[in-house]
Each structure stands twice: as C-alpha cells, then as structure tokens.
Amino acid sequence: MASTTLTIHHESGLHARPAAKFVKLAASFPCAITLRNLAKPAAVAVNAKSMVSVLTQGVNKGTQIEIVATGEREDEAIAALIHLIESNFE
Amino acid sequence: MSNPAPIQGLPAAPGVAIGPLWIHWPDEVVVERAQARDADDEWRRILASIEQSRQQLNELRDMAEAKVGAEEAAIFEAHLMFLEDEEFISTIRQSVFSDRLTAEAGVEVAVAKYAEMLLALEDEYFRARAADLKDVGQRLMRNAGGGGSGARRALTQPSIIVADDLSPSETIQFERQFVLGICTMRGGPTSHVAILSRGLGVPAVVSAQVTLDASLDGVLAVLDGETGTLTIDPDGETIGAAQTRRAKWLSTRARAQSVAHEPAVTRDGARVEVVANIGNQRDAIAAMDNGAEGVGLFRTEFLFMDRASLPTEVEQIEAYGEIARILAGRPLVARMLDIGGDKPVPYLDIEHEDNPFLGWRAIRMLDRREDIYLTQFRALLRAGAETPDFKCDLRIMLPMVSTMLEIERGRELFERAQAQLRAEGLPFAEQTQFGIMVEVPSAALMAREFASQVDFFSIGTNDLTQYTLAVDRGNAKVASLASPYHPAVLRLIKMTIDAAHEHGKWCGLCGELGGDALAAPVLLGLGLDEFSMSPSAIPALKAAVRERSRTDCVEIARRALSLATTRQVIDYLSV
C-alpha cells in the first residue's frame, strides 16, 4: 500500500478539467486507488477512478486530500498523482 | 376573435418570426422500480444503451463544436465521462443483478444515489453536475427503451419553438430549416439558448410568461426578437406589420452576409486582409460570423481580470486554444498582457497612478515580471501547437513599445520560451511571428530601426492619437481634440507602414480607425496590409474597400496628408 496526503492548490479545486485529468490518470493504473477529503471527517474514501465519486467529495481549492493506492504499480501511481497535483494539473 | 396582446419576455436574438407554435415538452423518462425476469437480458440492454449513448454524445460534441464552439462542446465531454464512470456503472449493475431491477430502474437508482450526494454539497459547481448526471441517465433510459433519442415528436415544419427551457443539446438538435424562432420561459439574454440562437441567426425571446398548453400547438404566432415579445394568434394588422419587419430583417441580413464572407478586393484588384479585434471566445465567434479573415488584435487581458491570482500556464493554454480552434487556421494576432493602473488587478501589485497611461503598464510591467512574460509566451506558443487536425497561424505582439530595448528583451524571452519548450519536448507553434504594437509616437518615429527586429507592426490608433496629440480621451473637455484624422497622426501611420514595407514586413492597424469606412481610402492609399476592427464593422468596411481602386486611393492619401487640420481632412474625405 502506498499513500500520500496533500493539498489541492488549483484555483477550481477538483472541478471540471482538473478532476477529469485526475480521474483519467488514476484510471491508467492497474492498482486500486482511493481518494478521501480530509476536510470532511465523515467522508469515506472513494474510488479515484470514478469521476462521479471524485465529484461527490466536493474538493475545493485549499482542501487536503488523502490518496491511497493498493496493488500493482502502487508507488508509481502515487508518484504520478502527486506530480499532477503539484504541477497544478499541467 | 383573435387576441393580439403580446406576451413580454426578454429579447435574446434579433429578428422576427411568423409561424405556427410548436410546443417542446420536456421528455423526461419516468420509470417505476420494476423487477425484471432476466437480469442478463437487462444487463445486455444497459450495455447496448451505453454504447448507443456514447455514439450520440460523440456526435453532439462534434455538432456543437462545428456549429457553436469548443466551450459548448465541453458540456458533452463531461457527459461522456459520466457514461464511462466505474462506480456509476457498477451501481447500475448491482441493481440489475442483486436487486433484480429492470435496466431503466437500475439507471434511475444510480442517478438518484449520486445526484443526491452532489446536491448535498455547498458549492454550486458540484450541485450543477447533478443535472448533468440526470441528463446522462435520461439518455441511458431512452436508449435502453429502444426508442433512440429521436423517440420524441419530430419537428417537421417551420415553427416557432416554445419551451420551458432548452438544453444546449436540444437546441442544437433541431433541424435548422424548421426553426423559425425560439421562445423559452426561463433563461436570460446570456443563457445557453440565447447564445446558441444568436450563433444560429434565429430570433429568440427568453423569460416569456407563456403557459405551456397542448392547445397552443400549431397556433399562428409572431415572435419579435428585437422587442422581446410573443404574440399568439395575432390579428391581420399585427401580421402585416410583422411581415414588413421580417422582410426588412431578412434583406438586411442577406445583403450583409452575402458579401461579408467574400474577400475585400479593390476595383483594381488589390486585396487587403479584413480581420477582427476580439477579447474573448464570444467575440471570436462573432468575428467568424461577420466574415473576419482572422483576428488582428486578441486582447488577452480577460483571462487576468476578475480573479485572485495569476492564471496558470495550463489555464492560459486552454483559453487561447479555444480561441485558436474557433479561428480554424486563420491568422491570430495575440497581444501580450496590456494592464496598467487604469485596470486594478490586485495580485499584480500595480498601485494606483495619477497618470496610468504614461505609467507602469503593458510592456513596462512585463519587463519587470519575467514570470508572467515567459509564461504567457509559453502558453500562447503551446496553444498554437499543430496537431493532425489543427493548425494555428499564430502571431504575438508586444503592447506599448517605445524603445528598442523593449523589443530586444521581448525577443530574447520569446526565443527563450521556444528553447525551453523544445528542451522539455513540448509541442508548440514553430512558425510564430513576432511583432509589436505601434501606438507610442517614438515607435512610429523609430519604425525604420524597429522594423528590422520584428516580423510585423500593428498600429494602435487610439493610443497613438492620444499620445501624439497629448489628449486624454477620457477627459470630456478635450476629448474632441483626439481625432485620428489629425494630419500628424496620419503622417505617423504613413511612416510606420513605409518602414515596414522597406524591410519587407507587413503592417496592420487595429484601432477604431481601422473599421471606419471614411478612413478606408486613406489607409488603402498608404498601403496598409491588414485592417482590424470590431466584428460588427467588418461587412461595411469590406463594402467600402470594394468601392475603391488602390491607385485612386494613393492620390487621396497624398492629398489628405498634405492638409493642415483635422477638419480639412474630414471635409476632404466626406465629399
């Protein structure tokens, strides 16, 4: 299992294009990947490969999220997602 | 007895329509949570429906992109992502196999589950996605029912469409030939339906207080997109008046449009480029509709205004790319950020200045903010990157240049941006031209020296006029002195064009003067290569060019420039 906690700095949070890029990148890995909005204590981790699920987390700018990957290429997946978020979804 | 009292709404797209009403009923599929006999059968229906929906959404996206633009097309991209969503599909699957529900009921359950979660969020953006999800669900249910998206009553004769509201996909799917006009009960002048109607050239009224009633179907009505009224069952007099106005609208539109898309060629065969000044995507669409051969001034400020931080490189690429796609390969002259003390932008630390037009603005600000400068170059270059189905004739210019140093520095950064992108292996527009605005008198006076350093000039006559004549255009007491017809301004324009041509470069003009038919003979005579103006001025300017011969214009320009006062120039040209 690999995981990371980081903050979304993109102006629009995990909306529209950033969300689409995040989901598409997650979906390109074989391992299971989940996302959790740490700003909402009650929120449960959801499938990061599902646009609908990611949207239901309501991740806005400045929100801290936790990403967990389990399975094949888990470290690589986490590294790629961190890179995407840190490069502000370029 | 007819009742001609008009129903008042808001004008949304100009024009007048006379014809039968056609009521567009919301075609919501309502399902009961019914049990199915064979889960495998239901699941097969779902899979077939997903595939069919995918094809429809792909077509809608292409249609929207072709008819309206990339912004509208993005709506359908989002729908496609929902259609492929792992969790959404797996929820449907579970309903079908574990709860033994029908295909339609399974979709309903999945939509309800996620829509409810989205609607519980505070942010308006997420709540609005619930509507998108419902749309996708409706499509899946319709397709699962085997009815296809055409299951609704088809529009078969020219009609005025009346609806509670129309989604972009509904608006775009009507056969254009059968749409006389559009009237909706909801929406404002900037709603999707209003923008699409204007783009399609269909008269439209929004926010009209009509009661949707089956008995209205087929009833004759008059829709006036200029006054924003719908008259149901009009009397003879109303119809007569509407016919006159409709005929006038059609003939004006036909006259302008029939020639707007033809090139502007003088009687003796000289062709000039007639292009548009734009500030956003909507302007770009208007420019194309009015026959612009490209864009001569793309003001990039819109992207930097009304926000709390700098737009990122990616955000800029997306915004520029959308404009470039609308232009579809036509020339696009983008002006680097032109912001100063007159437009306060909090995150740029531009302080209030007593004299912002002579202050720290445009190139002077960029020179000290290498981060902004370089990022904008990179974003523009990347947005213009050629792909198999996309090409961009990109040209970038610096605003408010007054010294050679600014050009050298600009070129150095322009080249550095290209070198960076090459090193990073990122595709970009390799053939991009590099130019400057000539809007400060020193630039016009030094045009000969500057011309060797650039690929083109674009003369900004509004600022050139105020700087040459020392007139603040915003000061009512002196504003009348600010005329680009002043011989001093015309002489600077001539110096600039001549200098460009001596070096084999082209010269355009993007101030108000460019779209002024009165100035056209002078500018033609001076040899201007490109006229840039607001989109709506294009048809008339092209007509003005066609009336002239360039040879005659050379003489007109010579005479005009020899006169001593603004009044004399205007009087001479007005004859």
Side-chain angles (χ1 to χ4, degrees), chain A residues 7-63 65 69-71 77 83-90, chain B residues 70-71 74-75 77-92 110-130 132-134 136-137 303 306-319 321-322 347 375 378-379 382 424 426:
Chain A
T7 306
I8 300 290
H9 290 295
H10 194 279
E11 196 53 44
S12 45
L14 275 182
H15 282 193
R17 289 191 173 97
K21 280 192 173 168
F22 181 86
V23 168
K24 280 180 184 163
L25 182 61
S28 69
F29 288 94
C31 50
I33 305 176
T34 62
L35 167 91
R36 190 158 69 96
N37 181 345
L38 296 177
K40 296 184 181 176
V44 289
V46 299
N47 184 350
K49 301 178 179 184
S50 155
M51 180 74 164
V52 171
S53 305
V54 168
L55 288 176
T56 58
Q57 293 288 297
V59 178
N60 284 318
K61 187 188 178 183
T63 304
I65 58 165
T70 319
H83 179 75
L84 178 75
I85 293 167
E86 286 186 344
S87 69
N88 219 11
F89 299 92
E90 298 220 358
Chain B
E71 192 181 14
I75 299 166
E77 280 290 348
H79 286 198
L80 276 163
M81 274 200 86
F82 286 149
L83 200 60
E84 288 160 8
D85 196 283
E86 285 185 9
E87 295 295 321
F88 178 58
I89 301 296
S90 114
T91 306
I92 301 175
V111 168
K113 173 182 169 186
Y114 290 103
E116 197 179 314
M117 291 165 81
L118 289 168
L119 287 170
L121 295 168
E122 272 170 33
D123 195 309
E124 179 54 36
Y125 170 83
F126 295 115
R127 290 212 301 268
R129 301 288 72 72
D132 283 338
L133 190 63
K134 280 183 183 165
V136 171
L303 199 53
D306 301 323
R307 53 184 299 146
S309 60
L310 274 171
T312 63
E313 185 168 327
V314 170
E315 281 176 271
Q316 292 188 50
I317 293 171
E318 280 169 7
E322 280 169 5
Y347 58 86
T375 304
R378 286 174 55 104
R382 288 178 66 186
E424 291 166 34
L426 293 168

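Below, chain A is the first sequence line, B the second, and so on; all start at residue 1.
Shortest non-hydrogen contact noted between B:Asp85 and A:Val52 is OD2-N, 2.7 Å.
To the nearest 0.5 Å, the span separating CE on A:Met51 from CD on B:Glu87 amounts to 14.0 Å. A distance of 12.0 Å separates OG of B:Ser309 from NE2 of A:His9, quoted to the nearest 0.5 Å. Here the NZ-CD distance, from A:Lys24 to B:Glu84, works out to 8.0 Å after rounding to the nearest 0.5 Å. B:Glu313 contributes atom CD, which lies 11.0 Å from atom CG of A:Asn88 (distance to the nearest 0.5 angstrom). Atoms OG1 and NE2, on B:Thr312 and A:His10 in that order, are 5.0 Å from each other to the nearest 0.5 Å.
In this structure, the side-chain hydrogen bond (donor to acceptor under 3.5 Å, both in side chains) partners of A:Arg36, at least two apart in sequence or on a different chain, are A:Glu66.
Looking only at side-chain heavy atoms (C-beta outward), A:Asn60 and B:Phe126 come within less than 4.5 Å of each other. A 4.5 Å side-chain heavy-atom check between A:Ser53 and B:Tyr114 finds at least one atom pair inside the cut-off.
Contact annotation for A:Val59: only backbone heavy atoms (N, CA, C, O) come within less than 4.5 Å of a heavy atom of chain B. There is no contact between A:Val46 and chain B, counting heavy-atom distances below 4.5 Å.
In the displayed structure, A:Lys61 atom NZ is contacted under 6.0 Å by more than 12 heavy atoms of other residues, nucleotides or ligands. No more than 12 heavy atoms of other residues, nucleotides or ligands sit less than 6.0 Å from atom CD of B:Glu122.
Chain A forms more heavy-atom pairs under 4.5 Å with one residue of B:Leu133, B:Leu121, B:Ile317, B:Ile89 than with any other, namely B:Leu121.
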